[in-house]
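Side-chain atoms are counted along with the backbone in the values below, which use heavy atoms only and exclude waters and symmetry mates. As the structure is a prediction and not an experimental result, all values here were calculated from the model.
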Amino acid sequence: MTRIAHLSTAHPRRELRVHLKQCNSLAAAGFEVYFVVADGKGDETIGKVNIVDVGLPAGRRDRFFVAPWKLFRRAAALNASLYHFHDPELLPVGLVLKLRGAKVIYDSHEDVPRSVLSRDWIPAQLRGIVSAVFERFENFIARRLDRVVGATPFIAERFRLAGCHALAINNFPLLAEISHSPERIADGDGICFLGGISQVRGVREIVSALDQTDTRLVLAGPFDREETRAELEALPGWRHVDYLGVVDRNSALAAMGSAAVGMICYLPEPNHTQAYPNKLFEYMAAGLPVIASDFPLWRQIVTEADCGICVDPTDSDQIANAITELMSNPARRLEMGRNGIRAVLSLYNWSTEEQKLIGLYASTLMLPPPSGSTSSH
């Protein structure tokens, strides 16, 4: 059995893309799978995936400069045939593993050079310089690895243009999580926003819109900083918010199942406009009509599927009008919910991406397709 290892200092052991999709699919395909993490919860085996824990970093500096090399020592000891890492801070680790003779894949979940431009913990006058320097550094290492996986076609194309062997493996929903009873959405209670909570994700504008609609918002996920939470709690619309905190996967699915509309109104930052947001497809899979940012790529997806309304994410009035339109029309919500499920079942699901991932491993390792059936997720 071919041993492979996924590596991350930033993602938890049950992370959706890395563990529930990639690791589980590869284990079902016949690989011996390890996931080396840094969450402080200890080693364990979950299903067919072996978790190796290097301990929780003490802070941001520890995560970037200490934890990667703790992870390297544990990963190297596995003597895996292929290492697949998921964080940009692990680029040097990936290069060292490659120089030691292993096959190495870099999985780029976001367009980091563009995301740097909206990182408020980096001084504004330095963001352009940091972005340019990091992009050169990232491309330099990525070209020396075996493959690069992009979480969107835009990211994969950027690496191809930089001279890398890159493939897009989209973060589409698991078939097992797709709703087959959208009728409940017609009777749903309010709207929901799930995921990381920050200003660039448009949560301020959504909360501001609530005061015009008297609609409840179910909000779940981590705040990027305490200041963001304080600013949102000071808004008049916050009285319409039910904040659940950071929830597990089952609770997130339950929150979507009890809502009537899914909100994804990210602001037009460089890292958003070309993204395939996982949450958009998860809302569609749950049978939720969506209110989404009116970026050309997102508009094409929503319009072709007829599964929601696109708005200017900086305009709370537009958001409020869209909420009112959908909440006042249960029949239209039901129709959009069914359309979203249909689009996910036919186009936007993990099944096709799973086959791409397994094929990528087989070609990188110069193996025949692994024996054993793949997962049915």
Check your understanding: Which pairs count as salt bridge (charged side-chain N to carboxylate O under 4.0 Å, His left out) when at least one residue sits in residues 270-282, sequence neighbours excluded?
Key -> R249-E282, K279-E282

Practice item. Determine which pairs satisfy salt bridge (charged side-chain N to carboxylate O under 4.0 Å, His left out) with at least one residue from residues 303-315, sequence neighbours left out, and list them in order. Key: D306-R332

Check your understanding: Which residues satisfy the ring pair (Phe, Tyr, Trp, His ring centres under 6.0 Å) test with H240, sequence neighbours excluded?
Key -> none

Review point. By ring pair (Phe, Tyr, Trp, His ring centres under 6.0 Å), which residues pair with F154, not counting sequence neighbours?
Key: none

What residues form a side chain to side chain donor-acceptor pair (under 3.5 Å) with [X], not counting sequence neighbours?
{"X": "R3", "value": "E32"}
{"X": "D248", "value": "S251"}
{"X": "S8", "value": "H11, D87"}
{"X": "E157", "value": "R160"}

Under 3.5 Å, side-chain donor or acceptor atoms of residues 70-82 against the rest of the protein: list the pairs with distances, not counting sequence neighbours.
from	atom 1	to	atom 2	distance (Å)
R74	NH1	D53	O	3.2
R74	NH2	D43	OD2	3.1

Practice item. Examine R136 relative to F140 and say whether NZ or CZ is less than 6.0 Å from the centre of the six-membered ring and inside a 45° cone about the ring axis. Key: no

Practice item. Could you tell me whether the side chain of N170 reaches within less than 4.5 Å of the side chain of F281, counting heavy atoms only? Key: no

**Study point:** Side chain to side chain, L357 and H84, heavy atoms closer than 4.5 Å
**Key:** yes

**Study point:** Pairing residues for P123 by the side-chain contact (heavy atoms from CB on, under 4.5 Å) criterion, not counting sequence neighbours
**Key:** Q125, L126

Practice item. Run the salt-bridge test on K356 and E353 with the 4.0 Å N-O cut-off and return the result as yes or no. Key: yes

Exercise for review: For Y283 and C192, work out which heavy atoms get closest and say how close.
Suggested key: OH-O, 3.6 Å

Return all side-chain donor-acceptor pairs below 3.5 angstrom for residues 92-106, not counting sequence neighbours, or 'none' if the list is empty.
from	atom 1	to	atom 2	distance (Å)
K98	NZ	D146	OD1	2.9
K98	NZ	D146	OD2	3.0
Y106	OH	E138	OE2	2.7

Exercise for review: Go through the steps for R114 and E135 under the test salt bridge (Lys or Arg N to Asp or Glu O under 4.0 Å), then give the verdict.
Suggested key: CA-CA 9 Å; R114 256 50 64 188; E135 185 161 13; 3.1 Å; yes

Check your understanding: Do you see a donor-acceptor pair shorter than 3.5 Å between the side chains of Q318 and D294?
Key -> no

Revision key, fill the gap. Grouping ILVMFWY residues whenever side-chain heavy atoms fall under 4.5 Å, the cluster of F65 otherwise contains F64

